[in-house]
Amino acid sequence: MLAVMALLAVFGTGQARAAEPVKISREDTALDLTATTEIYSGRGEAFQVSTAPGTDGIVRRIEVRSSTENHQGDWAVFALANVSEEQLERVIVAPHFRLVKSNLFWPDLGSQRILSITPSEGFALDRQPSEEADVFRITLNPGSVITFVAELASPDLPQMYLWEPDAYKDTVNAFTLYRGIVLGIAGLLAVFLTILFVVKGTSMLPATAALAWAVLAYICVDFGFLSKLISITAGDERIWRAGAEVFLAAGLVIFLFTYLNLNRWHQHLSYVTLVWIMGLGLLFGVAIYDPSIAAGIARLSFALTASLGIVLIIYLGFNRYDRAILLVPAWALIIVWLFGAWLTVTGKLDNDIIQPALGGGLVLIVLLIGFTVMQHAFAGGAYSQGLFSDLERQSLALTGSGDTVWDWDVTRDRVVTIPDISGQLGLSPGMMHGPARNWLPRLHPDDRDRFRATLDVLLEHRRGRLNHEFRVRAEDGHYHWLSIRARPVLGATGEIIRCVGTIIDITEQKNSIDRLLHDALHDNLTGLPNRQIFLDRLQAVLALAPNGDTVRPTVLAIDIDRYKLVNDSLGIAAGDNILIALTRRLRRLLKPQDTLARLGGDQFGLILMSERDTAKVADFAEAVSKAIMVPLNFANREIVLTASIGLVSWVDQQESATGLLADAELAMYRAKKAGGNRVEPFRPAFRSTGTDRLQLETDLRRAIERKELFLVYQPIVRLVDAEIAGFEALMRWDHPKRGNISPTEFIPIAETSDLINQLGMFAFERAASDLMDWQAIAGNLPIFVSVNLSSAQLLNHELYNDLRAVLNKTRCEPGKIKIELTESVVMEQPEQARLVLAKIKEAGLKLALDDFGTGHSSLAYLTRFPFDTIKIDKSLVRDTSDKRSILLRSVVTMARELDMQVVAEGIESEEDAIELAKMGCDFGQSFLFGPPIGSDSVQRLLKERFPLMKRA
């Protein structure tokens, strides 16, 4: 029974074992009670404990009740024994915050530790006023043994000391003096760097000043100075402390990025730094709700920034970046500080001096960084700007340009390049130094005489400039294009004694020019000559044909049957691969004197020179047809294609290349109309089918002169409020005999002739003029006008200048006009189209991609070309399948992500308009919102819809 009662006394609810007393003598000024103090968590409001044995050896049991309603049941027990013969006065001190053992993850940011202390004898201890610690004063009689029960605010009690009152006071005063000095230095440093930023204005100074203010904020909180400025509770202090640590971590990131100018090394570093800083900014909000998480992440960020800083400084230092080299001492101090802080928070360093020492170390780091930044900020200032001579400036400019100096000492006949150009050519150092004649063996054979003659002329005339381009063979056998620009230096006798200038490698520029020339004259996909080269070669052949019987060209126009079906079913990539395979087959049939070209799309042209006999020409055409019919394997599918081939042989000396090709195409079209997969020789009767087309072309030329063409405008409305946002300009032709002719009939004729540029500029100028007239009547309206652009116009090199001329003439604002193009336009010559569209965009005009959703390449071209708007084709809008909504929503979402506006064409009902508006579609255009109307009708409509607009 006694054993059971003993166990209940020790392990029962609210009870605890007796503590071992700490013996105190008069000489003890400070004792650490942390290790001898026993912590009991979750013991409720009433706590029982056995006291330490007194001088009489008796163990008593006491019960202590909590003094607050919110007490969590956490208690601490310790015992003290006065072994001296006199009464001792002591203070018990429990700091609110200690960096020691505060941990890296979820750190302890401090709080009130002890609510009250109850001794086993006498009354509860008196609390002494202190903002940084819980301080209780006790009196111990001679020979007494007292057990103390402390009511804890939290189960964490990092440290508890027993101090002699005067010694504790002296220690507090000493630390207060030290902290005041450090705070003063930190404050002056932050103000000084801020003033320097205002005076100098370089980006390094505000970043350094921000770091200085972050350090000042951190030590203000850490040294307890903030509580002297404003009234804060223990809970508020944890928020301020976490915020200060986040501020310090962000300040270090900003300083490192700005000082090392990381955005110049890689653009992605800017994005990473921005995301990093934004993440730290969010931690300020986290600190309000959970300071421990915010402080832990901030400490990790500080350590990670310091670690990445080492890598960046080493990398940039090896690249001879002087800023990185000068930052080495300061960053070494940061690493030492970081190591000391790690030892502190993990408890490996636990003395009372380490925490204020780390605060002073931060100030020392900022001071060293400030000296480093000031050295850069004031280097190269106004004082040093006057120290350079003109020769030094020229030398610095040449060095900064990165060009190689070419120096020919004519008197000694010695060429020197600085830096040595031999390395660029893969040669041994100094191989290109020496007499100028040593360069000749390495020059391209076609350039040697010209190089020698250029130098001889310069020496003979003793004036002028050397501006010469030539090719030099590198060690690997490839030729490099070099450009020399130099001028002679005359001696006292008037003779050239030296020739000095620069030599640069222009191989890339030359290769780029060659590629552009090749792309301009050849098809990008197959590498075959394009239509223009085909006609030029054919015209050259026709010029030789009348001179003898040996030149008798035959022209074949080849069109692949059902090629569009292949594209629609397998995709454009499959179609491109098929064209490449067919090109290889046809090339195997040719002889060197024959020419194969891609005229456009799936149409090829062939100039047959190797065969003149009619029967052999027919056999060759059949061989071409059979080669195309050989099955192709693609994606585990066998594809069999056929071709419609038109054939015409030269018989008329007056025949031109354009006419001969047109005859071959007429025969090809006749073969295609007959069902395809056949060879159709040309017969003059085929030309009668083109009579109407020629007559229409003639009438169109007269219509331009007689101003029979005019524009109508179809409204484009905002789907959100059904308000007019703009108009699309549509061309109409009122023929005196045939009446209104559809644009689908006369626009293709204009594109194949030289009329399309005139029609296009007429439409653009008329639309711009009408827009200005509307604004003159109804005021500066918030509308735009869309004008369609043809592929032939896009390939016109003068298009940009023509558009600018019209804008200057009409004084129309470019941003109110949109140029509409279909994807087939940009697919014909994508690189040429990209360059032209970029210049149009520079002029301020808007760009719209028309008929979106009808082809296979729109998605790729959206990112390559500077379009502002896409117009969804009416076939997609009117689609009745179940996937219609998914497709439309995907297109609208994609356009939103690319920052483009969306116009839906062909909307048939208000329900469709509402649905598209909910998807985020901006505009709608169809007969539901209004048919195309004339310019006068547009004026009346605008005056009705915008009655309150003031004149511009």
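Because only heavy atoms are used, hydrogens play no part in the values below, and waters and symmetry mates are left out as well, while side chains stay in.
- Here the CG atom belonging to Leu711 is positioned 13.0 Å from the CD1 atom belonging to Ile933, to the nearest 0.5 angstrom.
- When the side chain to side chain donor-acceptor pair (under 3.5 Å) test is applied to Ser937, the partners found at least two apart in sequence or on another chain are Arg940.
- Remark: Leu771 CG to Cys812 SG distance equals 4.5 Å, nearest 0.5 Å.
- Take Lys816 and apply the salt bridge (Lys or Arg N to Asp or Glu O under 4.0 Å) test, not counting sequence neighbours, and it matches no residue.
- Within the 3.5 Å criterion, the main-chain N or O of Trp481 finds a donor-acceptor partner in the side chain of Thr507.
- Here the CG atom belonging to Asp802 is positioned 5.0 Å from the CE atom belonging to Met761, to the nearest 0.5 angstrom.
- Glu905 and Ser926 form no side-chain donor-acceptor contact under 3.5 Å, judged by distance and modelled atom types alone.
- Here the shortest heavy-atom pairing between Ile870 and Ala895 reads CD1-CB, 3.8 Å.
- Remark: Phe534 pairs with no residue by the ring-ring contact (aromatic ring centres under 6.0 Å, His included) rule, at least two apart or across chains.
- In this structure, Leu274 and Met278 have side chains that are in contact, with non-hydrogen atoms separated by less than 4.5 Å.
- In the model, Glu708 has a side-chain atom that pairs as donor or acceptor with a side-chain atom of Trp733 under 3.5 Å.
- Of all the heavy atoms in Gly924 and Ile907, the pair that sits closest is CA-CD1, 3.9 Å.
- In this structure, Ala657 and Leu535 approach most closely via the heavy-atom pair CB-O, 3.5 Å.
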- [ ] Evaluate the criterion side-chain contact (heavy atoms from CB on, under 4.5 Å) for residue pair Glu915 and Lys918; output intermediate values, then yes/no.
- [x] CA-CA 5 Å; Glu915 181 182 2; Lys918 291 180 179 179; 5.8 Å; no
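- Enclosure of atom CG in Asp899 is not indicated, since only 12 or fewer non-hydrogen atoms of other residues, nucleotides or ligands lie within 6.0 angstrom.
- Lys871 and Gln925 form a side-chain donor-acceptor contact under 3.5 Å, judged by distance and modelled atom types alone.
- Considering every non-hydrogen atom in both Ala767 and Ala729, the closest pair reads CB-CB, 4.3 Å.
- Sorted by first then second residue, the salt bridge (charged side-chain N to carboxylate O under 4.0 Å, His left out) pairs that include residues 711-724, not counting sequence neighbours, are Arg718-Asp721, Glu723-Arg945.
- Here the side chains of Ser885 and Met919 are in contact, with some heavy-atom distance below 4.5 Å.
- Within 6.0 Å of CZ in Arg732 there are more than 12 heavy atoms belonging to other residues, nucleotides or ligands.
- Side-chain atoms of Asn530 come within 3.5 Å of backbone N or O of Ile533 as a donor-acceptor pair.
- With sequence neighbours left out, the side chain to side chain donor-acceptor pair (under 3.5 Å) criterion links Ser935 to Trp774.
- Scanning for side chain to side chain donor-acceptor pair (under 3.5 Å) contacts around Arg766 gives Asp770, with sequence neighbours left out.
- Between Leu730 and Gln714 the shortest side-chain heavy-atom distance falls below 4.5 Å.
- At most 12 non-hydrogen atoms from other residues, nucleotides or ligands lie less than 6.0 angstrom from NZ of Lys874.
- A heavy-atom distance below 4.5 Å is not found between the side chains of Leu482 and Glu469.
- Nearest heavy atom pair, residue Phe727 against residue Ile716, reads C-CD1, 4.0 Å.
- Judged purely by atom type and a 3.5 angstrom limit, Tyr563 uses its side chain to pair as donor or acceptor with the backbone of Gly575.
- Applying the ring-ring contact (aromatic ring centres under 6.0 Å, His included) test to residues at least two apart or on different chains, the pairs with a partner in residues 896-945 are Phe784-Phe923.
- The distance from the CD1 atom of Ile817 to the CG atom of Leu847 is 12.0 Å, given to the nearest 0.5 Å.
- Note that the CG atom of Leu700 and the CG atom of Leu709 stand 6.5 Å from one another [nearest 0.5 Å].
- For Asp602, there are no salt bridge (Lys or Arg N to Asp or Glu O under 4.0 Å) partners two or more places apart in sequence or in a different chain.
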(request) Please test Ile504 against Thr404 for side-chain contact (heavy atoms from CB on, under 4.5 Å), starting from the C-alpha separation and ending with a verdict. (result) CA-CA 6 Å; Ile504 57 176; Thr404 300; 6.0 Å; no
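- Identified under the salt bridge (charged side-chain N to carboxylate O under 4.0 Å, His left out) test for residues 773-790, with sequence neighbours left out: none.
- Partners of Glu908 according to the salt bridge (Lys or Arg N to Asp or Glu O under 4.0 Å) rule, which considers only residues two or more places apart in sequence or in another chain, are Arg878.
- Listed by first and then second residue, the salt bridge (charged side-chain N to carboxylate O under 4.0 Å, His left out) pairs that reach into residues 803-813 are Glu765-Lys809, sequence neighbours excluded.
- In this structure the side chain of Ile254 never reaches within 4.5 angstrom of the side chain of Thr273, judged on heavy atoms.
- In terms of the side chain to side chain donor-acceptor pair (under 3.5 Å) criterion, residue partners of Asp922 (sequence neighbours excluded) are, by chain and number, Arg896.
- In plain terms, the two heavy atoms of Leu845 and Asp868 that are nearest each other are O-OD2, 4.4 Å.
- Separation of atoms CZ (Phe867) and NZ (Lys841) is listed at 10.0 Å; rounding is to 0.5 Å.
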